[in-house]
Amino acid sequence: MSDMRIGIAGAGLVGRLLAWRLLRAGHTVTLIDQDDGSGQHAAAYIAAAMLAPYSEAVGTGHALLAPGLQAIALWRRWLQELQRDSGHDVPWQQRGSVVVAHPLDRGELLWFQERLAALTHGAADTCQTLDRAALLSLESELCAFDAGLYLPHEGCLDNRALFSALAQAITLGGGHWLKGRNIIEVSQGRITTTHDSHDFSLALDCRGLGAKAQVKGLRGVRGELLWLHAPEVNLSRPVRLMHPRYQLYIAPRPAAVYVIGATEIESDSMAPITVRSELELLSALYSVHGGFSEASVLEARSHCRPAFADNLPQLIATPGLVQVNGLYRHGYLLGPLMVESVLALLAGRAVLPPIGLHGYL
Ligand SMILES: Cc1cc2nc3c(=O)[nH]c(=O)nc-3n(C[C@H](O)[C@H](O)[C@H](O)COP(=O)(O)OP(=O)(O)OC[C@H]3O[C@@H](n4cnc5c(N)ncnc54)[C@H](O)[C@@H]3O)c2cc1C
């Protein structure tokens with residue numbers, strides 16, 4: 001792989017990670033996005049950023065398990081490298097996550113546990129059953145519950161700190177950044193915006209759902225969530241509530257901020273969060289911990305997860321153009337493997353599962 005002039009369309013999660021890693025590999029990189037560099041238009045900017053291979057495999061299947069753990073190991077190394085390259089710390093943790101259900105919904109917890117046991121062939125270290133005392137010793141404020149599950153390998157990271165650190169590392173690494181550009185087409189070696197057109201030896205299309213018109217089979221899966229400041233709550237790990245009607249998770253951030261999510265609706269509507277979704281999220285949340293009643297709502301957001309029919313990510317390669325898309329609910333969980341797969345493709349090596357490859361460079 002000789003040094004290339006690479007244009008990246010979209011400075012969301014994948015675009016930023018790719019820009020940083022390609023600069024480190026010695027390429028010349030130009031990143032083009034519609035926003036001001038903060039990342040506010042990216043699905044990844046509002047996301048919970050949980051690294052949850054086991055919980056997610058319960059819904060998506062065992063294809064996520066080994067790759068998810070591999071990606072978490074990469075995050076561990078990359079966040080150290082990013083600290084050196086940017087001077088910014090990105091808070092993250094791999095201290096496990098907790099799954100709970102109210103006594104009347106106990107069947108949901110059992111279903112989760114049985115499904116996970118089937119996927120992991122009952123491996124003992126992947127999921128531990130918690131009685132009330134064990135649950136409270138992990139998370140002392142979950143006193144509304146008398147049982148739970150502990151998934152010790154899961155974690156989460158601070159996505160907004162990550163976005164800032166990547167922006168800094170890209171700038172310090174010599175990346176060019178074209179902001180406020182609405183991209184209308186990404187073709188072989190060319191990115192065209194409403195302002196201008198730029199030629200490269202390779203164009204990478206990382207626009208998430210923004211690439212829908214050009215990426216066959218891509219659909220949006222709408223997700224709504226809330227960012228809260230809850231000084232009366234002290235939860236240290238991601239918590240999932242199993243419930244027959246609502247999906248709820250709580251992802252902690254530094255300084256008593258919690259990300260509460262998320263709906264999952266087969267729609268590519270980017271309309272603001274609905275009253276119904278907000279009511280459902282908040283009433284389920286209040287049932288987990290009464291301390292959330294005094295929380296301030298910092299943001300109520302919606303976006304769309306970019307997904308293909310099998311909900312697994314793909315690289316679609318033609319000479320001069322690679323479309324990098326379909327990370328669905330798993331941009332953080334699988335993002336490092338996606339990026340390593342693009343680097344592997346450029347070097348003529350095989351991409352990493354579960355990333356699908358179509359075409360060739
Ligand atoms: C509610 C919600 C919760 C989530 N929680 C998690 C989680 O806990 N864990 C996890 O692993 N994943 C999670 N995800 C999924 C994750 O956010 C996505 O998989 C990830 O953001 C996909 O990354 P991307 O770079 O492909 O797209 P994005 O992050 O959406 O970035 C796309 C970029 O392209 C730019 N762009 C698009 N169109 C144009 C255009 N025409 N012109 C210029 N720029 C353009 C945008 O401005 C944006 O910066 C969640 C997603 C949602 C919606």
Side-chain angles (χ1 to χ4, degrees), residues 8-19 31-53 55-56 60 64 68 71-72 75 97 154-157 159 162-163 166-167 177-186 191-195 204-215 218 220-227 238 240 247 249-251 259-265 267-268 270 273 277 281 299-308 311-315 323-339:
I8 301 180
L13 177 64
V14 176
R16 271 167 213 247
L17 282 174
L18 268 170
L31 196 51
I32 307 178
D33 200 282
Q34 61 197 340
D35 79 12
D36 58 4
S38 61
Q40 301 213 29
H41 288 88
Y45 187 80
I46 68 155
M50 289 184 300
L51 307 172
S55 303
E56 288 297 318
T60 304
L64 295 180
I72 292 174
W75 276 122
S97 67
E154 297 197 336
C156 64
L157 60 78
N159 49 337
L162 176 73
F163 263 53
L166 285 169
W177 197 311
L178 301 178
K179 299 170 184 170
R181 299 289 209 285
N182 184 17
I183 298 164
I184 47 180
E185 192 181 20
V186 186
I191 300 177
T192 307
T193 79
T194 45
H195 288 53
L204 299 175
D205 190 349
C206 305
R207 285 176 294 162
L209 195 63
K212 188 178 169 199
Q214 276 192 261
V215 179
L218 192 68
V221 181
R222 177 175 159 86
E224 300 155 301
L225 44 63
L226 302 163
W227 282 61
R240 260 172 220 263
Q247 304 200 19
Y249 54 68
I250 304 167
V259 185
I260 312 301
T263 57
E264 171 146 345
I265 301 165
S267 159
D268 55 13
M270 297 275 196
I273 186 170
S277 296
L281 287 171
E299 294 174 36
R301 303 290 294 260
S302 63
H303 211 297
C304 286
R305 309 163 177 103
F308 292 107
N311 293 330
L312 292 174
Q314 290 183 18
L315 297 180
Q323 295 166 320
V324 186
N325 220 314
L327 277 161
Y328 179 50
R329 297 170 60 100
H330 309 127
Y332 288 93
L333 182 59
L334 298 177
L337 296 194
M338 190 64 146
V339 169

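Each ligand, and each atom within it, is numbered from 1 in the order the structure gives. The residues of the chain are indexed from 1 along the displayed sequence.
Asn159 places a side-chain N or O within 3.5 Å of a backbone atom of Ala44 that can act as its donor or acceptor partner. A donor-acceptor pair is defined here as one N or O able to donate and one able to accept, closer than 3.5 Å; no such pair exists between the side chain of Glu56 and the backbone of Gly68.
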Go ahead and list the nitrogen or oxygen contacts between ligand 1 and the protein that come in under 3.5 Å, distances to 0.1 Å, or just say none.
{"residue": "ligand 1", "atom": "5 (N)", "partner": "Ala48", "partner atom": "N", "Å": "3.4"}
{"residue": "ligand 1", "atom": "8 (O)", "partner": "Ala49", "partner atom": "N", "Å": "3.1"}
{"residue": "ligand 1", "atom": "8 (O)", "partner": "Met50", "partner atom": "N", "Å": "2.9"}
{"residue": "ligand 1", "atom": "9 (N)", "partner": "Met50", "partner atom": "N", "Å": "3.4"}
{"residue": "ligand 1", "atom": "9 (N)", "partner": "Met50", "partner atom": "O", "Å": "3.0"}
{"residue": "ligand 1", "atom": "11 (O)", "partner": "Arg329", "partner atom": "O", "Å": "3.3"}
{"residue": "ligand 1", "atom": "11 (O)", "partner": "Gly331", "partner atom": "N", "Å": "3.3"}
{"residue": "ligand 1", "atom": "11 (O)", "partner": "Tyr332", "partner atom": "N", "Å": "2.8"}
{"residue": "ligand 1", "atom": "11 (O)", "partner": "Leu333", "partner atom": "N", "Å": "2.9"}
{"residue": "ligand 1", "atom": "12 (N)", "partner": "Arg329", "partner atom": "O", "Å": "2.8"}
{"residue": "ligand 1", "atom": "12 (N)", "partner": "Gly331", "partner atom": "N", "Å": "3.3"}
{"residue": "ligand 1", "atom": "19 (O)", "partner": "Tyr328", "partner atom": "O", "Å": "2.8"}
{"residue": "ligand 1", "atom": "19 (O)", "partner": "Gly331", "partner atom": "N", "Å": "3.1"}
{"residue": "ligand 1", "atom": "21 (O)", "partner": "Ala44", "partner atom": "N", "Å": "3.1"}
{"residue": "ligand 1", "atom": "25 (O)", "partner": "Leu13", "partner atom": "N", "Å": "3.3"}
{"residue": "ligand 1", "atom": "25 (O)", "partner": "Val14", "partner atom": "N", "Å": "3.0"}
{"residue": "ligand 1", "atom": "29 (O)", "partner": "Ala44", "partner atom": "N", "Å": "3.2"}
{"residue": "ligand 1", "atom": "30 (O)", "partner": "Ala43", "partner atom": "N", "Å": "2.9"}
{"residue": "ligand 1", "atom": "41 (N)", "partner": "Asn182", "partner atom": "OD1", "Å": "3.3"}
{"residue": "ligand 1", "atom": "41 (N)", "partner": "Ile183", "partner atom": "O", "Å": "3.1"}
{"residue": "ligand 1", "atom": "42 (N)", "partner": "Ile183", "partner atom": "N", "Å": "2.9"}
{"residue": "ligand 1", "atom": "44 (N)", "partner": "Gln34", "partner atom": "N", "Å": "3.2"}
{"residue": "ligand 1", "atom": "47 (O)", "partner": "Asp33", "partner atom": "OD1", "Å": "2.9"}
{"residue": "ligand 1", "atom": "47 (O)", "partner": "Asp33", "partner atom": "OD2", "Å": "3.3"}
{"residue": "ligand 1", "atom": "47 (O)", "partner": "Gln34", "partner atom": "NE2", "Å": "2.8"}
{"residue": "ligand 1", "atom": "49 (O)", "partner": "Gly12", "partner atom": "N", "Å": "3.3"}
{"residue": "ligand 1", "atom": "49 (O)", "partner": "Asp33", "partner atom": "OD2", "Å": "2.7"}

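Contact of the Gln34 side chain with the Arg181 side chain is not registered, since no non-hydrogen atoms from C-beta on lie closer than 4.5 Å. Residues Met50 and Ser97 form no side-chain contact, since every pair of their non-hydrogen atoms from C-beta on lies 4.5 Å or further apart.
With hydrogens and angles left out, the side-chain atoms of Thr263 and Glu224 include a donor and acceptor closer than 3.5 Å.
Partners of Asp205 by salt bridge (Lys or Arg N to Asp or Glu O under 4.0 Å), not counting sequence neighbours, listed by chain and number: Arg207.
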